[in-house]
Amino acid sequence: MQTSYSPLYPSAVHNRFVHSIGVFHLGKIASNQLVSEINSKFGFSFDVARLGEVFQIACLLHDVGHAPFSHTGESFYLGEEKDFTKIHNKLIEVVDTEAFQKDVPRERSLAAAPHEILSSIVGILSFPTFFKESSEKEFLARCITGYKYTEKNQENDIRNCFIQLLNSKVIDVDKLDYLIRDAYAAGFDTVGIDYERLLGALTVIKQNNTYELAYYKGAVQHNRECHLRSRCREKMVTKPPGSTI
C-alpha cells in the first residue's frame, strides 16, 4: 500500500507501483521542460538530454527498495544497531566512484531514508543495461537519495538541479504525485494543483556563478498551494473529517 490511510479512508487503496508510474509521468514532464530550457538558454558541451533520461529512470525506480510493510519495515535494513554504515558502504561499492564516496554523509541526520539507499542499490544491480557508464549509476543514486554533488562545475550544477526535482526539501515530483494522488484516492477535498502549469514553469538561472533550479513567476502561486496541500495531507493522518481524535 502507498499509505496507511485505508482504515479511515477506504478508497485509498493505491499502491507504490501506481505511485511510481505517476512519479515517472511527472518526472518526464519536468525533465523535458528542463532540458528544453537549458538547451535554449545555455550552450553546454555535455549531453543534457541524457541527464534527463537517467533522471526519468530514477523517477521510475525511486521506491523499488521499499520493505513489505513500507516505512514500518525499512529500519530492518539498518540492523539491530540502526547503523547506516553497512548499507552506505554497499551503495558506495555498487556506484564505485570516488566522488560519490566523498559525498555520502557520515552523519545519521544527513542520511537518506533506508528505502532510498536500497532503491538505488536495487536499481543499479537489477538494470545494469540502463547505464552507459559509472557516472550514470552515480547520478541515478544521487537523484534517489538526494546526495548532491559538492564538486563545483557546470555539469554538476545542472545535475543538482535534476536531483532537486526528485528529492527536495520543498517540492519535487515524488511529493507532487502523492499530494495529488493521496488526496484524490482518499476523497479529501483540498486545493487543486495544476501540475502541468507548475512543471511547465521550470527553468534554470545562473546566479553567483552557479546554475540553480528556478520557476517562472506564474508558478509561484502553485508552489505555495503545494506547500499548503502538504500541510493538509498531514491533517489526513492527524485528524480526519468528522473525527474527535
Sequence neighbours excluded, which residues qualify as ring-ring contact (aromatic ring centres under 6.0 Å, His included) partners of Phe84? His88
Pairs meeting criterion salt bridge (Lys or Arg N to Asp or Glu O under 4.0 Å) with involvement of residues 146-160, two or more places apart: Lys152-Asp157, Glu155-Arg159
If you take the centroid of each ring, where Trp contributes its six-membered ring, are His62 and His19 closer together than 6.0 Å? yes
Could you list the residues that satisfy side-chain hydrogen bond (donor to acceptor under 3.5 Å, both in side chains) with Ser40, not counting sequence neighbours? none
What pairs meet the salt bridge (Lys or Arg N to Asp or Glu O under 4.0 Å) rule with one or both residues in residues 104-124, with sequence neighbours excluded? none
The reported gap from OG1 in Thr145 to CD1 in Ile163 (rounded to nearest 0.5 angstrom) is 7.5 Å
Output all residues satisfying side chain to side chain contact (heavy atoms under 4.5 Å, CB included) with Glu37, sequence neighbours left out; order by chain, then residue number. Gln33, Lys41, Thr203, Tyr216
Glu133: what forms a side-chain hydrogen bond (donor to acceptor under 3.5 Å, both in side chains) with it, not counting sequence neighbours? Ser135
How would you list, by chain and number, every residue that makes a salt bridge (Lys or Arg N to Asp or Glu O under 4.0 Å) with Lys90, sequence neighbours excluded? Glu93
Who pairs with Lys28 by side-chain hydrogen bond (donor to acceptor under 3.5 Å, both in side chains), at least two apart in sequence or on another chain? none
Please tabulate, for side-chain N and O atoms in residues 47-57, each donor-acceptor pair with protein atoms closer than 3.5 Å (sequence neighbours left out).
| residue | atom | partner | partner atom | Å |
| --- | --- | --- | --- | --- |
| Asp47 | OD1 | Ala49 | N | 3.2 |
| Asp47 | OD1 | Arg50 | N | 3.2 |
| Arg50 | NE | Glu136 | OE1 | 3.4 |
| Arg50 | NE | Glu136 | OE2 | 2.8 |
| Arg50 | NH1 | Glu53 | OE1 | 2.9 |
| Arg50 | NH2 | Phe130 | O | 2.9 |
| Arg50 | NH2 | Glu136 | OE1 | 2.7 |
| Gln56 | NE2 | Ser31 | OG | 2.9 |

Qualifying residues under side chain to side chain contact (heavy atoms under 4.5 Å, CB included), relative to Lys86, sequence neighbours excluded: none
Mind checking side-chain hydrogen bond (donor to acceptor under 3.5 Å, both in side chains) for Glu138 and listing every partner two or more places apart, or none if nothing turns up? Thr97, Arg142
Hits for side chain to side chain contact (heavy atoms under 4.5 Å, CB included) against Leu213, two or more places apart or cross-chain, chain-then-number order -> Leu34, Cys161, Gln164, Leu165, Leu202
